[in-house]
*Asks:* 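The structure is given below, and queries will be raised subsequently.
First the proteins, then the strands, lettered A, B, ... as listed; each starts at 1.
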Amino acid sequence: MSSRYECQRSLPSICTLLRRSRRSLGHLRQLHCFLLRRSLFPQPQQPLLLSHFLSLSLSLSPLPSPYSLSLLSALPSPTPLLLFNSLLSSLSHLPSSLTVFNLLRSLSPHPPDFFSLPPLIRLCARHPAFRTGASLHALAIRLRLDSDVFVSTAFIHFYGRCLLIGSARSLFDTMSQPSAVSWTALISGYLRLKDLKSAQELFDQMPERNAVTWNVMIDGYVKNADLDGARRLFDEMPEKNSVACTCLIDGFAKAGDMGSARLLFDQMNHRDRDVFAWSTMISGYAQNGCPCDALFIFNEFHKTKRKPDECIVVGLMSACSQLGNLSLAKWIDSYVMTRSINTNNSRVLTSLIDMNAKCGDMERAHFLFHSIPQRNIASYCSLMQGYCLHGLGSKAVDLFSHMIQEGLNPDEVAFTVVLSACSQAGLVEEGKKYFNMMRKICNISPSGDHYACLVDLLGRAGKLEEAYELIKLLPVEPHAGAWGALLGACRWHSNIELGELVAKRLFELEPQNGGNYVALSNIYANANRWGEVSEVRCMMNEKGVRKVPGCTWIMT
DNA sequence: ATAGGGTTAG
């Protein structure tokens, strides 16, 4: 039997193997060796199999690996245009695609055609890579490919993504027969620039709209915080689909209206509830501080026996972190590990560390942190917060300096975490140092949160006057968190005069927050001033403020 | 064989 014949016969099963081996260069090379040993590995006369290997290996890394380059050099010369085009359309990294494209121009006797450009333009749009896209446009004009509907539409999309709506518009105006996709691409460009009026005008002028057009419009209204407009469009929509529903659900969730979100979700056809819809609901509840509802939705999802994706488990873990339930965390941890979730995804890893730390398993959080090949700021922050939570502020501060040594640039969240770690550990000088580093070296202007941390740092260390002076001189409007931190410090250091002053300010800022009244009453109680204690409690009753159940009245 | 749309962490 000739090896050529055998290879052709086994092509489908090899393709199946290739599809299964996704995400691992190791698997790919293993299969390559397997075929080589049986003299089955495709030489130039087996371009189809070669292109399967190529598209997989090129999709594994942003830049073409040496392995990919060696495969490319095995391509037959001249290479059929069809082969190149199908290879181009299977790639998702711009540098690899450009390598393939340039090879196409040198290896093929024929110039690129209508099918070669759109996949590349799409990648330029996604980045967006303006210069590359613009030179592709020049090339398209030179090759006289720019009159093609598909090519022009891809460029309209590209200019829209680059926020150059004028270029997109003039291209659109030169088209003799724009398709519904061309219209939609232009509309989406206007929506990206928050120009709802122009988008709506085009939408009304369009000869025919399809499902995507409606989805783009609804999403545009949601992203521009016009939920009523989105809802109106949704109600007018002839045939609702899951994308439109999910856009609207996400809009309600971001606006904090989980009631409307839930209503829509419940009305959805069960068949229409795809993974997007489920994960939008789960993370919506998690972000709105309703972890139990998030778990309930996840449980419903679990019953459908469908495969979770990364977003589902990230939302789920966020909910579990809020509950701090260790046995639930252990269940979720093993669920994530056994469900073919991509645990190299940085968001998944960060959430895993965060969940384990917040639920009390620091050992596991620590282990996961050290198993990451490339740590990022978020993974550091999760572990640092975990240490703070367990009273190990100084360990968190050590981790922060380790992070800087590793060459990572801290962002505003990282500074919030390290400042609260310093205050937790009582490291006043250290905290001031980082605060100055944030402004002077990292060029981050401090937010209300950062100042609140600094006030907390000073207050806890007993430097109440300094903290009060700081809060009075803030360049940003101090939010309740900063005043609250100072009130807590007054309570801790039994400073009645300043405490009264600060509490008065807080009662104006957030009259319904029972915690502030409780703190003031504790300050009085600590000084045995029981008359004032009952005055504060009367004030609470008058204003109808209720103590949050589970928060103690008694100072510990 | 080619173009337009949706979810996630610290």
*Asks:* Base, sugar-phosphate or nothing for Asn376(A)? Non-hydrogen atoms, less than 4.0 Å.
*Replies:* nothing

*Asks:* In whole angstroms, how far is the C1' atom of dG4(B) from the CG atom of Leu202(A)?
*Replies:* 14 Å

*Asks:* Whole-Å distance between dT8(B) P and Lys254(A) NZ?
*Replies:* 4 Å

*Asks:* Can you measure Asn342(A) atom CG to dT8(B) atom P for me and round it to whole angstrom units?
*Replies:* 18 Å

*Asks:* Apply the side-chain contact (heavy atoms from CB on, under 4.5 Å) test between Glu310(A) and each candidate in Ile341(A), Thr343(A), Val275(A); give the one that qualifies.
*Replies:* Ile341(A)

*Asks:* Check for a donor-acceptor pair, side chain of Asn288(A) on one end and backbone N or O of Cys290(A) on the other, with a separation under 3.5 Å.
*Replies:* no

*Asks:* Report the C-alpha distance between Phe400(A) and Tyr434(A) in whole Å, list the side-chain angles of each, state the deciding distance to 0.1 Å, and finish with yes or no for ring-ring contact (aromatic ring centres under 6.0 Å, His included).
*Replies:* CA-CA 10 Å; Phe400(A) 186 82; Tyr434(A) 286 129; 4.9 Å; yes

*Asks:* Could you list all the side chain to side chain donor-acceptor pair (under 3.5 Å) pairs where at least one residue sits in residues 402-422 of chain A, not counting sequence neighbours?
*Replies:* Arg375(A)-Glu406(A), Tyr380(A)-His402(A), Tyr380(A)-Glu406(A), Thr416(A)-His450(A)

*Asks:* Scan residues 150-183 of chain A against DNA chain B and write down, sorted by residue number, each residue with any heavy atom closer than 4.0 Å; if none is found, say none.
*Replies:* Phe150(A), Thr153(A), His157(A), Ser179(A), Val181(A)

*Asks:* Hey, is the side chain of Lys358(A) poking within less than 4.0 Å of OP1 or OP2 on dA9(B), counting only N and O atoms?
*Replies:* no

*Asks:* Is the NZ or CZ atom of Arg306(A) both under 6.0 Å from the centre of the six-membered ring of Phe301(A) and within 45° of that ring's axis?
*Replies:* no

*Asks:* Using a distance-only test with no angle check, is there a side-chain donor-acceptor pair under 3.5 angstrom linking Ser351(A) and Asp354(A)?
*Replies:* no

*Asks:* When you get a sec, tell me which of dA1(B), dT7(B), dG4(B) is the closest nucleotide to the side chain of Ala185(A)?
*Replies:* dG4(B)

*Asks:* Taking CG from Leu352(A) and C1' from dT8(B), how many angstroms apart are they, rounded to a whole number?
*Replies:* 13 Å

*Asks:* Just checking Ser351(A): base, sugar-phosphate only, or nothing, at a heavy-atom cut-off of under 4.0 Å?
*Replies:* sugar-phosphate

*Asks:* Mind checking Ser242(A) for me? I need base, sugar-phosphate or nothing, with any heavy atom below 4.0 Å counting as a touch.
*Replies:* base

*Asks:* For a quick check of understanding: with a heavy-atom distance under 4.0 Å over all strands, which category does Asn210(A) fall into, base, sugar-phosphate or nothing?
*Replies:* base

*Asks:* Please work out if Ser321(A) contacts a base, only the sugar-phosphate, or nothing of the nucleic acid, heavy-atom cut-off 4.0 Å.
*Replies:* nothing

*Asks:* Using atom CG of Leu123(A) as one end and atom P of dG4(B) as the other, report the distance to the nearest whole Å.
*Replies:* 10 Å

*Asks:* Check Arg232(A) with Asp228(A), please: is the shortest side-chain N to carboxylate O separation under 4.0 Å?
*Replies:* no

*Asks:* What parts of residues 81-89 of chain A reach DNA chain B, counting only heavy atoms under 4.0 Å away?
*Replies:* Leu82(A), Asn85(A)

*Asks:* Rounded to the Å, how far apart are Glu208(A) CD and dG4(B) C1'?
*Replies:* 14 Å

*Asks:* Before accepting this row, confirm whether a basic side-chain N of the pair Lys240(A)/Asp272(A) lies closer than 4.0 Å to the acidic partner's carboxylate O.
*Replies:* no

*Asks:* Calculate the interatomic distance between Arg347(A) atom CZ and dT8(B) atom P; express it in whole Å.
*Replies:* 8 Å

*Asks:* So what does Val243(A) hit on the nucleic acid, given a heavy-atom distance under 4.0 Å: a base, only sugar-phosphate, or nothing?
*Replies:* base

*Asks:* Over 60° means perpendicular and under 30° means parallel, so tell me whether Tyr335(A) and Trp331(A) are parallel, tilted or perpendicular.
*Replies:* parallel

*Asks:* Determine the contact category for Ile353(A): base if any of its heavy atoms lies under 4.0 Å from a base atom, sugar-phosphate if only primed atoms, P, OP1 or OP2 are that close, otherwise nothing.
*Replies:* nothing

*Asks:* Looking at residues 265-287 of chain A, who's got a heavy atom less than 4.0 Å off DNA chain B?
*Replies:* Asp274(A), Phe276(A), Ser279(A), Thr280(A), Ser283(A), Gln287(A)

*Asks:* Can you list, pair by pair, the side-chain donor-acceptor contacts under 3.5 Å of residues 143-151 of chain A, counting residues two or more places apart and other chains?
*Replies:*
from, atom 1, to, atom 2, distance (Å)
Asp148(A), OD2, Phe150(A), N, 3.1
Asp148(A), OD2, Val151(A), N, 3.1

*Asks:* Give the nucleotide from the list dA3(B), dT7(B), dG4(B) with an atom nearest to the side chain of Val149(A).
*Replies:* dA3(B)

*Asks:* We want to know whether Tyr190(A) and Arg169(A) form a side-chain donor-acceptor pair, criterion being a heavy-atom distance below 3.5 angstrom.
*Replies:* yes

*Asks:* Just how far, in rounded Å, is P of dG4(B) from CZ of Arg192(A)?
*Replies:* 11 Å

*Asks:* Show every donor-acceptor pair shorter than 3.5 Å between a side-chain atom in residues 81-89 of chain A and any protein atom, with sequence neighbours excluded, or say none if there are none.
*Replies:*
from, atom 1, to, atom 2, distance (Å)
Asn85(A), OD1, Ser116(A), OG, 2.8
Asn85(A), ND2, Asp113(A), OD1, 3.0
Ser86(A), OG, Leu82(A), O, 3.3
Ser86(A), OG, Leu83(A), O, 3.0
Ser89(A), OG, Asn85(A), O, 3.4
Ser89(A), OG, Ser86(A), O, 3.0

